[in-house]
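Following: one structure in structure tokens, then a few remarks.
Note that ligands are numbered from 1 as they come in the structure, with each ligand's atoms numbered from 1 the same way.
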Amino acid sequence: MIKKAVLPVAGLGTRFLPASKATPKEMLPIIDKPLVQYAVEEAIDVGVDEIIFITSNEKHSIEKHFQENNAIAEKLIKSGKEDYVERLNPKIFSDVKFHYINQNNQNGLGDAVLHAEEIVGDDSFAVLLPDDLFFSNISCLRQLIDTYKQTKSSVIAVNKIDKENIHKYGVINPGKKEHDAILIEDIVEKPSADEAPSDIAACGRYIFTPSIFDHLKVTNFDKLGEIQLTDAIKNLIQNQKVYARLYEGEKFDCGSKKGFVHATIALALRDSSMSDDISKIIKEII
Ligand code: G1P
């Protein structure tokens, strides 16, 4: 149903310097898996078979990461470590086509998504921001697809955000409830706490009908010199219904150091091979 997913990964990763100098921020691992792979797996799990990275010249390691590496596989097999081959070259990647498009200027998230237009064509598609890491029985993207199946309209994942953090997000003005979702009346990018129309914010997963591209093309630069996806959604709402689906599950904002460390600790405590040791270590430190 949704076969294509766009992953914007061209950002400079300023908050993670110097770690993000030679290694893209998206390649930093939560335990043993790069952040970007979690989003790729979430997309493949719902049946996506084309992943479109909007990337930059500096980030070749992302491309390398999603290619098969037979040289290392052979070495692993020769040294009796066959069990690691699946981790090296996961089978789920073999049927997926990975595209890499350079976004040469830092013109914002809206501009990044617009770069995918030619490959996406006339299909509805998903957008996943890899900084936002989700864990739930039914994945965030699957929850969106559930709403998309019922509405055949664009739908964005949202969650509740406290007042002191609301200025970091796209915030919706919610309308009535329809099909397990909320009709969006308006959406504002990064409002001040006082101006926010609600406490319900976009959280990094979207499904769009291809009409979003027409709106991105006529979206002006904002005062920071960026084309905001939120502004294109604001325009799309004038022509089509756009829904917000309240995400049910756990979320880590790995775009911030705090969220990144939180995700690392949470996953370490869930990993049976080390959870006892890690909780002991944490208790000792405290
Ligand atoms: C982007 C979007 C914002 C959204 C957020 C979710 O902001 O512009 O609307 O709420 O992702 O993480 P960024 O985090 O790139 O500043």
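Residues H167 and S192 approach most closely at CB-CA, 4.5 Å, considering heavy atoms.
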Report every pair formed by an N or O atom of ligand 1 and a protein N or O atom separated by less than 3.5 Å, giving atom names and the distance to 0.1 Å.
residue: ligand 1; atom: 7 (O); partner: K190; partner atom: NZ; Å: 3.3
residue: ligand 1; atom: 8 (O); partner: E189; partner atom: OE1; Å: 3.4
residue: ligand 1; atom: 8 (O); partner: E189; partner atom: OE2; Å: 2.7
residue: ligand 1; atom: 9 (O); partner: G170; partner atom: N; Å: 3.1
residue: ligand 1; atom: 9 (O); partner: E189; partner atom: OE1; Å: 2.7
residue: ligand 1; atom: 9 (O); partner: T230; partner atom: OG1; Å: 3.3
residue: ligand 1; atom: 10 (O); partner: G170; partner atom: N; Å: 2.9
residue: ligand 1; atom: 10 (O); partner: A202; partner atom: O; Å: 2.8
residue: ligand 1; atom: 12 (O); partner: D132; partner atom: OD2; Å: 2.7
residue: ligand 1; atom: 16 (O); partner: K190; partner atom: NZ; Å: 2.8

> Between Y148 and S124, is a side-chain hydrogen bond (donor to acceptor under 3.5 Å, both in side chains) present by the stated rule, with each step listed?
Replying inline: CA-CA 10 Å; Y148 174 77; S124 290; 2.9 Å; yes
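Judged as a salt bridge (Lys or Arg N to Asp or Glu O under 4.0 Å), the pairs with a partner in residues 53-70 (not counting sequence neighbours) are, in order, E26-K59.
Between D49 and K4 there is no salt bridge, since no side-chain nitrogen of the basic residue lies less than 4.0 Å from a carboxylate oxygen of the acidic one. Comment: D146 engages R245 in a salt bridge, judged by a side-chain N to carboxylate O separation of less than 4.0 angstrom.
For the residue pair Y243/E178, the side-chain donor-acceptor check at 3.5 Å is satisfied.
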